[in-house]
Amino acid sequence: MRISLGLAALLTGTLTTHAYGSCPQPGQWWQGERATPHQALLAQAAQRQVVLLGEQHDAIDHHRWQLHTLAGLHALREDMVIGLEMLPRSAQPVLDQWVAGQLTETELLTQSEWEEAWGFDAELYLPIFHFARLQHIPLVALNISPELRQQLSKESFESVPAEQRHAIPPPLPASPAYQTRLKEVFEQHAMGQENPEMLERFTQAQLTWDIAMAHGLADAAKEGALAVGLMGLGHVTYGHGVEHQLEGLGIQHTFSLLPWEQAECDLPEPTLADAVFVLPAPISAEPMP
């Protein structure tokens with residue numbers, strides 16, 4: 001089981017909407033109860049320390065939106081770095097070589113162990129990798145190995161030497177709302193069976209994941225760069241995940257952005273993120289004759 005996919009399943013309850021006001025249109029940024037012009041929205045984001053771009057990992061329009069948003073932000077902030085949930089810190093030398101133009105696509109994917117580390121179709125992400133290489137934007141591996149994540153979720157952080165955990169500090173406790181949402185996800189996978197010990201481990205694993213990514217982004221932001229993190233929707237929604245951990249690391253200026261697929265004339269829930277981008281409805285494949 002990929003836990004981030006479990007978090008992505010929060011979409012079932014995350015994208016709750018309210019029908020009020022005028023209808024959002026594809027191509028609009030939406031904040032609160034109104035649309036915001038592209039230039040104004042990106043100008044807001046570019047002034048922050050960290051920007052979080054959520055995604056459903058297998059949705060191609062989400063990655064296209066991320067690429068366009070990255071290009072807009074880079075036009076305003078050349079001192080930008082892109083943080084990736086997709087790869088563990090052990091892949092950092094490979095990312096550095098890629099940005100420096102020293103690797104082919106095949107070498108990038110092979111040496112970063114993309115299939116083992118992430119597994120989702122690399123074609124969804126390669127346009128972003130090429131954008132970073134062409135613009136010479138640093139790529140930062142935010143994740144940690146599954147083995148370390150499991151170890152940290154079972155043991156106290158203090159029991160694992162700092163150098164073995166990349167100096168990642170203990171996470172802040174989950175807020176009550178986040179605990180509730182994680183419990184919902186856990187129960188979906190547990191088929192309704194109650195297991196408090198496994199739920200605690202699942203929650204600690206998510207907090208470890210959140211603090212690992214927050215730590216990598218905070219390091220980049222504290223050096224003065226605009227740190228933009230690409231990660232699953234569940235780590236971004238409502239500010240419960242990575243943003244909460246960033247606050248504990250002294251990052252007070254975070255901006256969360258999500259793609260959003262409109263349903264009829266509904267509006268996104270105002271507290272879902274700082275802003276959402278309205279996507280066109282997906283085109284269904286025509287049936288074969």
In terms of ring plane angle, is the pair Trp209 and His235 parallel, tilted or perpendicular, where the classes change at 30° and 60°? tilted
Please answer: with hydrophobic residues joined when any side-chain heavy atoms are less than 4.5 Å apart, are Trp65 and Phe120 in the same cluster? yes
Indicate the ring-plane relationship of Phe277 and Trp29, choosing parallel, tilted or perpendicular according to the 30° and 60° boundaries. perpendicular
Taken to the nearest 0.5 Å, the spacing of Leu70 CG from Ile82 CD1 works out to 4.5 Å
A side-chain contact here means heavy atoms from C-beta on lying under 4.5 Å apart; do Trp114 and Leu108 qualify? no
Leu152, Leu199: one ILVMFWY side-chain cluster at the under-4.5 Å cut-off? no
Could you check if a side-chain atom of Arg34 sits within less than 4.5 angstrom of a side-chain atom of Gln28, using non-hydrogen atoms only? no
Is a side-chain donor-acceptor pair under 3.5 Å present for Gln44 with Gln31? yes
Taken to the nearest 0.5 Å, the spacing of Gln151 CD from Gln164 CD works out to 6.5 Å
Do you reckon Leu148 sits in the same ILVMFWY cluster as Met231, going by side-chain contacts under 4.5 Å, direct or chained? no
For Tyr125 and Trp118, does a side-chain donor sit closer than 3.5 Å to a side-chain acceptor? yes
I'd like to know if the side chain of Gln66 and the backbone of Leu53 have a donor-acceptor N/O pair within less than 3.5 Å. yes
Side-chain H-bond candidate by donor/acceptor type, Asn195 with Glu197, under 3.5 Å: no
Identify whether Leu207 and Leu172 are in the same connected component of the hydrophobic contact network (ILVMFWY, side-chain heavy atoms under 4.5 Å). no
Note, Asp210 side chain near Tyr178 side chain (heavy atom, < 4.5 Å): yes
Quick one: does Ile137's side chain get under 4.5 Å of Val99's, heavy atoms only? no
Heavy-atom check, side chain of Leu52 versus side chain of Glu243, under 4.5 Å: yes
Taking the inter-plane angle between the rings of Tyr238 and His240 on a 0 to 90° scale, is it parallel (under 30°), tilted (30 to 60°) or perpendicular (over 60°)? parallel
Report yes if the side chains of Leu95 and Phe129 come closer than 4.5 Å at any heavy-atom pair, otherwise no. yes
Quick check for you: to the nearest 0.5 Å, what is the distance between Leu109 atom CG and Leu126 atom CG? 5.5 Å
Can a side-chain donor-acceptor contact be found between Glu200 and Gln204 if the only test is distance below 3.5 angstrom? yes
Could you check whether any side-chain heavy atom of Leu233 comes within less than 4.5 Å of a side-chain heavy atom of Pro259, counting everything from C-beta outward? yes
Arg89: which residues meet the side-chain contact (heavy atoms from CB on, under 4.5 Å) condition with it, sequence neighbours left out? Ile144, His166, Ile168, Ala212, His215
Tell me, do Trp98 and Glu105 make a side-chain contact under 4.5 Å, heavy atoms counted? yes
For residues 216-227, please give each side-chain donor-acceptor pair under 3.5 Å, one per line with the distance, not counting sequence neighbours.
from	atom 1	to	atom 2	distance (Å)
Lys222	NZ	Leu249	O	2.8

Is Ile251 reachable from Ile211 through a run of hydrophobic residues whose side-chain heavy atoms are each under 4.5 Å from the next? no
Value for CD (Glu247) from CD (Gln252), rounded to nearest 0.5 Å, stands at 6.0 Å
